[in-house]
Amino acid sequence: MNPMTRSLTIATWNINSVRLRLPLVEHLIAGWAPDVICLQETKCPDANFPTSSLKKLGYEHIALNGQKGYHGVAIISKLPFSSSDARPFCGKQDSRHIGVRLTVSGSARADRTLVIHNLYVPAGGDEPDPAMNEKFAHKLGFLSELDQWLGAGSGEDLAIVVGDLNIAPLEADVWSHKKLLDVVSHTPIETETFEAIRTRGGWIDVMRQFVPSPEKLYTWRSYRAADWSATDKGRRLDHVWASPALAGAFRSMDVLREARGWDRPSDHVPVIVKLEV
DNA sequence: ATGGTGGCACCGCCA
């Protein structure tokens, strides 16, 4: 490794209740030891977040935007934050974003600032018609605000966006493109808007740098499947975007497919990236 | 064959 860079591992995972699945978070930590873990759907108020357990495991820096019962995002980190912020969307009080600023110290160069945004985009309900389904209208409104924000670019030299974005943009991101064209998460209005925001903002689809289309790549499989592994009807709903300055920085990307088979699993699996900054 | 499962909360809602 270049001694003038620092290696950093970042995980993103929709955990579907951080309290119920704290043992799985601990398992992820024991096996992969990410420097930073971005969680979505923590489903608990900040006061109930398992802060002390995670601090004992070395994640002493924790930024929370939780709420009771629904949504909720968190960033836990071995590295300190110089600041954090939570953005509101659509005039609602949903906890769907937390952002942090990390100072990454290189041994022989000036410190560099890395911004990480952790997002939980609305799922959007079942009916892909905003006139009939206000949850889908909310999702489209959320994307419109994301376009104004992230579509305008990173705003920072070194920036990463991760999270459950609840859209599978490419044909290779779903088990059947044709069967899912009318299914919320893969409708043309969603996939086209998603890719328009990403490309207009100059964001790199980091996962697809490592597993290019048309190879299938999934991060989510329904709880309703009788046998998730055999049928493997998955979707890539979780994403890692990076600003242009990070184009050459990523060294690895792993989708922990096996995590879908862990005891009492989340329906999403962790995605882990390693980069040098 | 048009279901199914899972979490949280409170006895329905959301995913």
Side-chain angles (χ1 to χ4, degrees), chain A residues 12-28 38-50 53 64-74 89-97 118-130 132-143 146 162-169 173-176 178-187 190-191 194 218-239 256-271:
Chain A
T12 178
W13 194 9
N14 178 322
I15 191 65
N16 188 17
S17 172
V18 69
R19 286 177 293 173
L20 186 70
R21 279 184 249 288
L22 181 60
L24 297 190
V25 177
E26 292 170 345
H27 187 65
L28 175 74
C38 298
L39 298 170
Q40 305 88 37
E41 282 207 89
T42 53
K43 293 188 173 177
C44 72
D46 294 348
N48 295 344
F49 191 86
S53 300
L64 299 174
N65 181 14
Q67 71 181 78
K68 187 177 180 180
Y70 303 103
H71 322 312
V73 288
F89 288 88
C90 304
K92 293 176 180 279
Q93 297 194 330
D94 293 357
S95 294
R96 296 184 179 276
H97 168 264
N118 179 20
L119 276 167
Y120 177 51
V121 172
D126 290 331
E127 175 59 54
D129 178 351
M132 303 287 293
N133 172 11
E134 68 180 27
K135 284 185 275 198
F136 194 68
H138 175 217
K139 187 176 196 174
L140 297 183
F142 195 100
L143 291 178
L146 273 189
V162 303
D164 177 4
L165 304 187
N166 262 318
I167 293 172
D173 294 334
V174 292
W175 65 276
S176 170
K178 286 185 179 174
K179 286 196 171 73
L180 290 173
L181 273 170
D182 293 326
V183 174
V184 171
S185 73
H186 194 63
T187 64
E190 293 171 89
T191 60
F194 185 99
Y218 311 139
T219 64
W220 173 90
R221 293 169 188 82
S222 173
Y223 282 127
R224 296 176 188 172
D227 185 336
W228 70 269
S229 185
T231 51
D232 206 30
K233 292 183 175 178
R235 305 178 203 168
R236 184 171 70 115
L237 302 180
D238 302 273
H239 296 271
L256 300 192
R257 184 183 192 277
E258 69 204 75
R260 187 62 181 78
W262 290 349
D263 187 42
R264 298 200 78 184
S266 170
D267 46 354
H268 295 252
V269 299
V271 178

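The analysis underlying the following values was restricted to heavy atoms, covering all of them including side chains, and did not include hydrogens, waters or symmetry mates. These numbers come from a predicted model, not from an experiment. In what follows, chains are A, B, ... by sequence order, proteins preceding strands, each numbered from 1.
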Contacts of type salt bridge (charged side-chain N to carboxylate O under 4.0 Å, His left out), residue Arg257(A), not counting sequence neighbours: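 Salt bridge (charged side-chain N to carboxylate O under 4.0 Å, His left out) check on Arg257(A) returns Asp232(A).
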Ring pair (Phe, Tyr, Trp, His ring centres under 6.0 Å) partners of His186(A), counting only residues at least two apart: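 With sequence neighbours excluded, His186(A) shows a ring pair (Phe, Tyr, Trp, His ring centres under 6.0 Å) to His177(A), given in chain and number order.
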I'd like to check the ring pair (Phe, Tyr, Trp, His ring centres under 6.0 Å) partners of Tyr120(A); sequence neighbours left out, ordered by chain and number.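 Testing Tyr120(A) for ring pair (Phe, Tyr, Trp, His ring centres under 6.0 Å), a comparison that skips the adjacent residues, returns His71(A).
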If the sugar-phosphate is the primed atoms plus P, OP1 and OP2 and the base is the rest, what is the B/S/- string for nucleotides 8-13 of chain B, using protein heavy atoms under 4.0 Å? SS---B
Which distance, rounded to the nearest 0.5 Å, do you find between the CG of Leu256(A) and the CG of Leu24(A)?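 The distance works out to 11.5 Å.
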Could you please spell out the steps behind the side chain to side chain donor-acceptor pair (under 3.5 Å) verdict for Asn65(A) and Ser95(A)? CA-CA 6 Å; Asn65(A) 181 14; Ser95(A) 294; 2.9 Å; yes
Roughly how far apart, to the nearest Å, are dG6(B) and dC10(B) at atom P?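 Their P atoms lie roughly 22 Å apart.
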Whether Arg264(A) contacts dG7(B) is assessed here as follows: a side-chain N or O lying under 4.0 Å from the phosphate OP1 or OP2. Is that the case?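 It does, given that an N or O in the side chain of Arg264(A) lies less than 4.0 Å from OP1 or OP2 of dG7(B).
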Between N or O atoms, less than 3.5 Å apart, protein on one side and nucleotides 3-5 of chain B on the other: list the pairs.
from   : atom 1 : to        : atom 2 : distance (Å)
dG4(B) : O6     : Arg224(A) : NH1    : 2.9
dT5(B) : O4'    : Tyr223(A) : O      : 3.2
dT5(B) : N3     : Arg224(A) : NE     : 3.4
dT5(B) : O4     : Arg224(A) : NH2    : 3.3

Whole Å only: how far is the CG atom of Asp267(A) from the P atom of dG7(B)?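 Spelled out: CG on Asp267(A) to P on dG7(B) is 9 Å.
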Rounded to whole angstrom units, what separation is found between the NE2 atom of His268(A) and the C1' atom of dG7(B)?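 His268(A) atom NE2 is separated from dG7(B) atom C1' by 13 Å.
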Reading DNA chain B 5' to 3', how would its secondary structure be written in dot-bracket notation, given Watson-Crick and G-U pairs with both distances under 3.5 Å, brackets [ ] for crossing pairs and | for partners on other strands? ....((((...))))
Touch check for Arg221(A), heavy atoms < 4.0 angstrom, all strands: base, sugar-phosphate only, or nothing?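 Here Arg221(A) touches no strand at all.
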After noting the C-alpha distance and the side-chain angles of Leu64(A) and Thr42(A), does the key distance pass the side chain to side chain contact (heavy atoms under 4.5 Å, CB included) rule? CA-CA 10 Å; Leu64(A) 299 174; Thr42(A) 53; over 6 Å; no
